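All remarks here apply to the structure that follows.
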Amino acid sequence: MCLLLGASGVGKTLLVKRLAQLSSGDGKGDLGDPPPTRPTVGTDLTDIVVPSKITIRELGGCMSPIWPSYYGNCHSLLFMVDAANPTQLSASCVQLLGLLSAEGLAEASVLILFNKTDLPCYMTVEEMKSLIRLPDIIACAKQNISTAEISAHKGTGLAGVLHWLQDTRRTDS
């Protein structure tokens, strides 16, 4: 099971829809206009085939107080950050630190996704990583952590997310 977590409004639902769209096709070409989304209240399960089936459980950002009840059987974690909203960065950092220190996620592989890189922002992703001391967080964490800059809206970087999911699945099998 792969958990998809992050604050409300970071683009988790659109990411899952785009990954499903990308994995069902040939993995190339234009994804077209983004599908409509609405905030997730509760949890959604989506199966993605890359080439083996991976189930992604998306949990709404408003559910963060009960995220720990979903850590069991989690082999990988996608954690999304809104790269166009630096004011949300400190809250996302606190959430990330909580996830990385959770005993139930100690063995999980983690991919931190900086989403909405297609939107203008007064801070670069590198500046955000520096501000939250991401290199120090990665060095101290028990988990294997990777990062990616994506745009779920435009589809940028999503093939890399599918490859990460596939590679993570392969090492867990």
Side-chain angles (χ1 to χ4, degrees), residues 1-16 18-20 23 40-83 85-86 88-117 125-150 152 157-173:
M1 173 79 62
C2 175
L3 285 179
L4 173 56
L5 306 175
S8 296
V10 296
K12 297 181 297 295
T13 302
L14 182 56
L15 173 71
V16 169
R18 289 297 213 184
L19 290 175
S23 68
T40 301
V41 178
T43 181
D44 282 331
L45 292 173
T46 303
D47 289 332
I48 294 180
V49 181
V50 287
S52 58
K53 184 180 86 165
I54 296 173
T55 301
I56 297 178
R57 179 183 295 271
E58 175 198 353
L59 296 171
C62 63
M63 293 182 58
S64 61
I66 61 167
W67 285 353
S69 61
Y70 292 92
Y71 295 167
N73 199 27
C74 173
H75 66 82
S76 57
L77 170 66
L78 298 172
F79 182 76
M80 285 189 85
V81 176
D82 185 342
N85 185 359
Q88 195 180 55
L89 191 59
S90 61
S92 290
C93 182
V94 169
Q95 286 180 328
L96 177 62
L97 290 170
L99 293 168
L100 296 177
S101 65
E103 195 60 41
L105 295 175
E107 301 294 317
S109 295
V110 179
L111 179 59
I112 302 169
L113 300 169
F114 289 88
N115 188 31
K116 303 185 185 181
T117 56
V125 171
E126 286 306 312
E127 288 171 327
M128 288 184 203
K129 289 178 181 179
S130 175
L131 186 65
I132 64 171
R133 300 182 62 151
L134 190 57
D136 293 339
I137 292 172
I138 291 172
C140 295
K142 299 174 197 163
Q143 297 88 343
N144 179 16
I145 301 174
S146 304
T147 64
E149 297 178 25
I150 66 166
L158 300 189
V161 175
L162 286 178
H163 288 291
W164 182 87
L165 287 167
Q166 182 176 348
D167 291 346
T168 303
R169 176 69 176 197
R170 200 173 292 132
T171 58
D172 289 338
S173 299

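None of the values given here were measured: they were computed from a predicted structure.
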Could you give the distance from [atom1] ([X]) to [atom2] ([Y]), rounded to the nearest 0.5 Å?
{"X": "Ser101", "Y": "Lys142", "atom1": "OG", "atom2": "NZ", "result": "7.5 Å"}
{"X": "Ser69", "Y": "Leu59", "atom1": "OG", "atom2": "CG", "result": "8.0 Å"}
{"X": "Leu100", "Y": "Gln143", "atom1": "CG", "atom2": "CD", "result": "4.5 Å"}
{"X": "Ile112", "Y": "Ile132", "atom1": "CD1", "atom2": "CD1", "result": "6.5 Å"}
{"X": "Thr55", "Y": "Leu3", "atom1": "OG1", "atom2": "CG", "result": "11.0 Å"}

Beyond-backbone contact of [X] with [Y], side-chain heavy atoms, under 4.5 angstrom:
{"X": "Met80", "Y": "Ile150", "result": "yes"}
{"X": "Leu111", "Y": "Ser76", "result": "no"}
{"X": "Ile137", "Y": "Cys93", "result": "yes"}

query = Please, which pairs that meet salt bridge (Lys or Arg N to Asp or Glu O under 4.0 Å) have at least one residue in residues 43-61, sequence neighbours excluded?
reply =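 Pairs touching residues 43-61 that pass the test: Asp47-Lys53.
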request  = Could you name each residue pair satisfying salt bridge (Lys or Arg N to Asp or Glu O under 4.0 Å) that touches residues 71-82, not counting sequence neighbours?
outcome  = Asp82-Lys116
inquiry  = Please evaluate residues Leu77 and Tyr71 with respect to the criterion side chain to side chain contact (heavy atoms under 4.5 Å, CB included), reporting the C-alpha separation (whole Å), side-chain torsions for both, the decisive distance (0.1 Å), and the verdict.
reply    = CA-CA 9 Å; Leu77 170 66; Tyr71 295 167; over 6 Å; no
ask   = Just by modelled atom types, is the Phe79 backbone N or O under 3.5 Å from a matching donor or acceptor in the Lys12 side chain?
value =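 The answer is no, because no donor-acceptor pair under 3.5 Å joins these two groups.
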ask   = Asn115 side chain to Val10 main-chain N or O, any donor-acceptor pair under 3.5 Å?
value =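 Yes; at least one donor-acceptor contact below 3.5 Å.
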key: Working for side chain to side chain contact (heavy atoms under 4.5 Å, CB included), residues Leu165 and Leu19   = CA-CA 10 Å; Leu165 287 167; Leu19 290 175; 4.3 Å; yes
Please name the pair of heavy atoms, one in [X] and one in [Y], separated by the smallest distance, quoted to 0.1 Å.
{"X": "Pro68", "Y": "Pro65", "answer": "CD-O, 3.8 Å"}
{"X": "Gly11", "Y": "Ala152", "answer": "O-CB, 4.4 Å"}
{"X": "Ser146", "Y": "Trp164", "answer": "OG-NE1, 3.7 Å"}
{"X": "Gln95", "Y": "Gly6", "answer": "OE1-C, 4.0 Å"}
{"X": "Arg18", "Y": "Leu158", "answer": "CB-CD1, 3.3 Å"}
{"X": "His75", "Y": "Cys2", "answer": "NE2-N, 4.2 Å"}

message = side chain to side chain contact (heavy atoms under 4.5 Å, CB included), that's the test. Do Thr46 and Leu4 meet it? Break it down for me.
response = CA-CA 11 Å; Thr46 303; Leu4 173 56; over 6 Å; no
request  = Please step through side chain to side chain contact (heavy atoms under 4.5 Å, CB included) for the pair Leu96 and Leu134, ending with a clear verdict.
outcome  = CA-CA 10 Å; Leu96 177 62; Leu134 190 57; 4.3 Å; yes
message = The criterion is salt bridge (charged side-chain N to carboxylate O under 4.0 Å, His left out); which residues satisfy it with Glu127, sequence neighbours excluded?
response =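 Glu127 satisfies salt bridge (charged side-chain N to carboxylate O under 4.0 Å, His left out) with no residue once adjacent residues are dropped.
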